[in-house]
Number of protein chains: 2
Amino acid sequence: MARILVVEDEPSIQELISVTLTRTGHDPLRAPDAETALRLLQAELPDLVLLDWMLPGQSGIDLARRLRGDERTRGVPIIMLTARGDEQSKVTGLETGADDYVTKPFSPRELAARIKAVLRRQKPQATEDPVEIDGLRLDPATHRVTARGAAVVLGPTEFRLLHFFMTHAERVHSRAQLLDSVWGDHVFVEERTVDVHIRRLRGALEASGHDALIQTVRGSGYRLSCQKD
Amino acid sequence: MARILVVEDEPSIQELISVTLTRTGHDPLRAPDAETALRLLQAELPDLVLLDWMLPGQSGIDLARRLRGDERTRGVPIIMLTARGDEQSKVTGLETGADDYVTKPFSPRELAARIKAVLRRQKPQATEDPVEIDGLRLDPATHRVTARGAAVVLGPTEFRLLHFFMTHAERVHSRAQLLDSVWGDHVFVEERTVDVHIRRLRGALEASGHDALIQTVRGSGYRLSCQKD
DNA sequence: CAGTATGGTGACGGTTTAGTGACAGGGGAA
DNA sequence: TTCCCCTGTCACTAAACCGTCACCATACTG
């Protein structure tokens, strides 16, 4: 769910893009001109900018330059929209610092693919290093968990949960913190749901000989600990 | 520091490219025609070829074919330079074995980015050596796959897919990563298409006695693994 | 000791994700 | 040209997973 600033003066195209973005799970911010765009850029700091190259008044290239000149907005990737065959724009655009371009007319699918590609390129994946505690080993790269050699099968959520515990061991985490870190800060689920997943995780670990790895701290939350108490 | 053969007859463009390459830390070899190119290819075995599609005399596509036909040069990646909007060339070029294309006119930045991308993609599998895992053998040179001696017949896409899996075994790859690595960055296909090709690949492998070689990691992607779990 | 709050647990529907068969279009070969 | 292979997409099916609840067990309180 990325917030994407759409700088486009033609209302119908603006609408088309915004609908496409919403449908692909993004959050469009609309700007019909450079001024609005600049304001929204400062206020919202979007994750990506879709920039029409031909804007009334200040042109897209100027906007791109100012965007790249500002410390705060420098890192925001730009995808520019150009008319078909306007190769010159393409060149200057990429030189100004656009990350990709889409030529009009474009298909919603292409647009979505470009956005996805740019966002993916932008975000280096999380820590990929294997973690090992007390004979229990979790490897994000292979997505495998083993307990003293024996495979442990986990669902996606249990996997993330265990990963979080192993990278933050010995520390007590409230249900709210776990929801934030493992589920994501925007989802709304009951806190008790954590209990259920803890149970599932414990079940899988006990089947592999790891008892009491995850401890309950009554009134506070849960903790992963190798010290038995 | 990669050695890059630039096959381009127009001196000014040749110059532009060479300068760009030098500035981005590469080592350009210049060839104004196909003959020189072939000679340099044999003598220097560069890490990458930048190939103008429109050459005097022998055309770029012929050169690409000969390059792919020769044992020694088969593994060298090709980026082709095409005129704007020449969609047909793009398609035939990619099918002949080009790894990417850049349309003229291009920006130095774009060129550098493409080169980096291709080299990065190339690096882990720089070897065109045969790969063998768990009795399954894939030979890029002969384009053949055998399972304990018995031939396995695969379509082109399944072959590349399997090759990628075998050179990146045990690791989980998302559908997006597979599309990038096997299909190419600039191709727009549905992510579910990966599923279908996985299925076709599995079908071919199972017919040869290799069950469960390619595993599904729910929510994440696929993995080739010889460890059964 | 009863009363209350907190966590454990099993089960259940709905939703999401992957598997699968079919199909139309395109390209190359004959 | 026709034929055949390959490809990407779709619709449908199958399965895994998730969140929630109800109920039980345990711990704390006075």
Side-chain angles (χ1 to χ4, degrees), chain A residues 1 24-25 107-110 112-113 143 152-162 172-176 178-179 182-184 186-207 211-223 229, chain B residues 61 65 68 87-97 143 145 152-162 172-176 178-179 182-184 186-207 211-223 229:
Chain A
M1 172 69 88
T24 49
S107 71
R109 172 184 299 175
E110 175 174 6
H143 214 273
V152 182
V153 282
L154 297 175
T157 307
E158 281 72 49
F159 185 89
R160 282 193 314 252
L161 188 57
L162 179 59
V172 180
H173 307 283
S174 72
R175 292 172 175 76
L178 290 171
L179 283 179
V182 179
W183 274 256
H186 45 72
V187 291
F188 174 69
V189 290
E190 293 289 327
E191 289 206 337
R192 289 302 305 277
T193 299
V194 175
D195 298 30
V196 179
H197 282 276
I198 290 280
R199 149 106 187 77
R200 287 168 182 161
L201 179 52
R202 279 173 171 161
L205 291 178
E206 276 171 26
D211 288 22
L213 234 184
I214 292 175
Q215 303 168 346
T216 305
V217 181
R218 194 178 174 84
S220 301
Y222 297 94
R223 166 179 58 192
D229 36 15
Chain B
I61 193 168
R65 283 225 180 84
R68 285 287 180 252
E87 300 293 328
Q88 194 48 46
S89 287
K90 281 182 202 170
V91 174
T92 57
L94 289 173
E95 277 171 356
T96 307
H143 217 267
V145 180
V152 181
V153 282
L154 295 177
T157 306
E158 280 72 49
F159 183 87
R160 277 182 319 214
L161 188 57
L162 179 60
V172 176
H173 307 282
S174 70
R175 291 172 175 76
L178 291 171
L179 283 179
V182 178
W183 275 256
H186 49 276
V187 177
F188 305 112
V189 291
E190 294 288 327
E191 288 206 338
R192 289 300 306 276
T193 300
V194 175
D195 298 31
V196 179
H197 282 276
I198 289 279
R199 164 158 172 359
R200 288 167 181 161
L201 179 52
R202 278 173 172 162
L205 292 177
E206 275 172 27
D211 288 22
L213 233 183
I214 291 176
Q215 303 169 346
T216 304
V217 180
R218 181 166 250 263
S220 299
Y222 296 95
R223 164 179 63 195
D229 39 13

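Below, chain A is the first sequence line, B the second, and so on; all start at residue 1.
- Comparing A:Val194 and A:Arg218, the nucleotide of DNA chain D nearest to each residue sits closer to the 5' end for A:Val194.
- Contact annotation: B:Trp183 side-chain N/O to D:dG8 OP1/OP2 distance is under 4.0 Å.
- Out of D:dG19, D:dT9, C:dA5, the shortest distance to the side chain of A:His197 is found at D:dG19.
- With a 4.5 Å cut-off on side-chain heavy atoms, A:His173 and A:Val182 do not count as touching.
- With hydrogens and angles ignored, a donor-acceptor pair closer than 3.5 Å exists between the side chain of B:Arg192 and the base of C:dG19.
- The distance between atom CZ of A:Arg160 and atom C1' of D:dC17, rounded to the nearest whole Å, is 11 Å.
- Checking D:dC18, C:dA5, C:dG8 against every side-chain atom of A:Asp195, the shortest atom distance belongs to C:dG8.
- Across B:Ala204 and B:Val153, no two heavy atoms sit closer than the pair CB-O, 3.9 Å.
- For the pair B:Gln215/B:Val172, no side-chain contact is recorded, criterion being any heavy-atom separation below 4.5 Å from C-beta on.
- The side chain of B:Thr216 contributes an N or O atom lying less than 4.0 Å from OP1 or OP2 of C:dG19.
- Positionally, the nearest nucleotide of DNA chain D for B:Leu154 lies more toward the 5' end than for the other of A:Glu190 and B:Leu154.
- Taking 4.0 angstrom as the limit, B:Arg199 places a side-chain polar atom (N or O) nearer than this to OP1 or OP2 of C:dG21.
- OP1 or OP2 of C:dG8 sits under 4.0 Å from a side-chain N or O of A:Tyr222.
- Judged by distance alone, with hydrogens and angles left aside, A:Arg200 brings a side-chain donor or acceptor within reach of the base of D:dG19, the pair sitting under 3.5 Å.
- In this structure, A:Val194 and A:Leu179 have side chains that are in contact, with non-hydrogen atoms separated by less than 4.5 Å.
- Between B:Leu162 and B:Glu158, every side-chain heavy-atom pair lies at or beyond the 4.5 Å cut-off.
- Residue A:Thr193 places its side chain closer to D:dT20 than to any other of D:dT20, D:dC10, C:dA5.
- The nearest whole Å value for the distance from the CD atom in B:Gln215 to the C1' atom in C:dA18 is 15 Å.
- Between the CG atom of A:Leu178 and the P atom of D:dG19 there is a distance of 13 Å, rounded to whole Å.
- Residue B:Arg175 places at least one side-chain N or O closer than 4.0 Å to OP1 or OP2 of C:dA18.
- Out of C:dG19, C:dG21, C:dT16, the shortest distance to the side chain of B:Val196 is found at C:dG21.
- Counting non-hydrogen atoms under 4.0 angstrom, A:Glu158 reaches the backbone sugars and phosphates but no base.
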